[in-house]
Amino acid sequence: MFDLSGRVALVTGGGQNVGEGIAAALARQGASVAVNDLVEERAAQAAERIAQAGGKAAPAVFDVTDVAAVSRGVAAAEAALGPIDILVNNAGVPAGMATLPFRETDEAHWHRYIDLNLYGVIHCAKAVVDGMCERGFGRVVTISSGAGQTGLPIGVASYGAGTGGGLAFMRHLAIELAGTGVTANSISLGLMESAAGGGQPEVAEALARTVPVGRMGTPDDAAAAVVWLVSDEAGWVTGQTIGVNGGSLTS
Ligand SMILES: NC(=O)c1ccc[n+]([C@@H]2O[C@H](COP(=O)([O-])OP(=O)(O)OC[C@H]3O[C@@H](n4cnc5c(N)ncnc54)[C@H](O)[C@@H]3O)[C@@H](O)[C@H]2O)c1
């Protein structure tokens with residue numbers, strides 16, 4: 001099950017942490033993977049690690065918030081690896097992400113999160129869905145957050161607005177594309193190891209205790225759900241938001 005041989009995937013923000021784990025898992029299942037990142041070195045190193053493990057990958061350096069750059073970057077990735085069958089919108093954390101109460105935020109702050117989590121998703125979807133529909137197969141998965149589904153007292157209103165907008169967009173995309181062979185789903189992540197604790201083990205342990213299953217998430221937790229959603233076997237799953245969060249948010 002879940003054989004991705006012959007498929008070509010694009011993973012945005014795939015240069016580290018969750019995105020790198022997803023890119024590596026897709027490659028292990030047989031897909032060729034375009035590893036996007038804003039940071040050239042990260043994309044190159046993640047692609048190199050996939051190649052060293054026996055997979056096929058190429059770096060794809062572009063900014064998902066720049067619609068023209070996305071168009072050029074997708075064209076270059078397709079020239080290198082072939083038409084994109086699988087898009088994973090993972091880029092969602094801007095450099096130097098800071099939590100701030102809404103009353104202390106300004107227009108630049110709102111744009112950083114909404115441009116990345118809503119427009120980034122729209123730009124990348126626009127660049128690939130026509131080809132997917134023409135070929136009769138496609139998978140779009142957006143990595144989102146519980147912050148897009150529920151109110152939180154931790155200063156993430158703009159991030160929540162962007163991720164929530166991305167979730168709403170994905171539901172409509174799913175319905176518009178239903179019947180073409182293209183599915184569109186989202187994964188709502190909970191607290192991940194990569195973000196938690198700021199390098200302080202006691203803070204990380206305290207945060208882990210707030211997750212019902214008693215631990216934070218890993219890139220492999222996210223990647224397993226992506227592998228399933230992008231497989232042939234998940235062709236009847238579309239328009240869904242799947243919680244991968246250790247029970248932090250139930251549905
Ligand atoms: N870390 C968590 O606790 C957590 C929780 C819930 C949801 N998520 C979601 O998981 C995803 C990955 O999170 P992470 O913690 O691995 O993030 P991360 O910050 O470790 O990695 C994100 C990568 O995206 C790249 N990136 C940022 N802006 C970009 C842009 N404009 N264009 C292309 N690449 C860009 C960065 O350079 C970085 O390499 C995000 O969508 C995030 O919203 C994370």
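We number each residue from 1, following the sequence as shown. Both counts, for ligands and for their atoms, begin at 1 and track the order of listing.
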If every non-hydrogen atom of [X] is compared with every non-hydrogen atom of [Y], which pair is closest and at what distance?
X	Y	result
L10	N36	CD1-CB, 3.9 Å
R49	E20	NE-OE2, 2.7 Å
V141	L229	CG2-CB, 4.0 Å
A27	V33	N-CG2, 3.8 Å

Given [options], which has its nearest heavy atom closest to [atom]?
atom	options	answer
atom 36 (C) of ligand 1	D37, L189, I22	D37
atom 34 (N) of ligand 1	T65, V35, L38	L38
atom 33 (C) of ligand 1	T12, V156, N36, V18	N36
atom 5 (C) of ligand 1	S145, G190, A222	G190

Are L189 and L249 co-members of a hydrophobic cluster defined by side-chain heavy atoms under 4.5 Å apart? no
Polar contacts were defined as any N/O atom of the residue lying under 3.5 Å from an N/O atom of the ligand; does this apply to N117 and ligand 1? no
With respect to V64, determine whether any N or O atom, backbone or side chain, lies less than 3.5 Å from an N or O atom of ligand 1. yes
With the threshold set at under 4.0 angstrom, would you say S144 reaches ligand 1 through any of its heavy atoms? yes
Does ligand 1 have an atom under 4.0 Å from some heavy atom of G146? no
Which ligand 1 atoms does [X] reach within 4.0 Å, using its non-hydrogen atoms?
X	answer
V39	37 (O)
R42	36 (C), 37 (O), 38 (C), 39 (O)
S194	1 (N), 15 (O)
V93	13 (O), 17 (O), 19 (O), 27 (C), 40 (C), 42 (C), 43 (O)
M192	1 (N), 2 (C), 3 (O), 4 (C), 5 (C)
D63	30 (C), 31 (N), 32 (N)

Determine whether F62 and V64 satisfy the following criterion, side-chain contact (heavy atoms from CB on, under 4.5 Å), listing intermediate values before the conclusion. CA-CA 6 Å; F62 58 86; V64 300; 4.0 Å; yes
Identify whether NZ of Lys or CZ of Arg in R112 sits under 6.0 Å from the centre of the six-membered ring of Y159 and within 45° of that ring's axis. no
If you look only at distance, which donor and acceptor atoms sit under 3.5 Å apart when one is on a side chain in residues 74-89 and the other is two or more places apart or in another chain?
unit_1 : atom_1 : unit_2 : atom_2 : d
E78    : OE2    : I84    : N      : 2.8
D85    : OD2    : V8     : N      : 2.8
N89    : ND2    : T142   : OG1    : 3.1

For ligand 1, indicate whether the residue T163 contacts it via side chain, backbone, both or neither (heavy-atom separation under 4.0 Å). neither
Taking 4.0 Å as the limit for heavy-atom contacts, which would you say applies to F62 with ligand 1: side chain only, backbone only, both, or neither? backbone
Go through the steps to decide whether N185 and V237 satisfy the test side-chain contact (heavy atoms from CB on, under 4.5 Å), and finish with yes or no. CA-CA 8 Å; N185 293 286; V237 181; 3.8 Å; yes
Side-chain donor-acceptor pair present, D3, S5, cut-off under 3.5 Å: yes
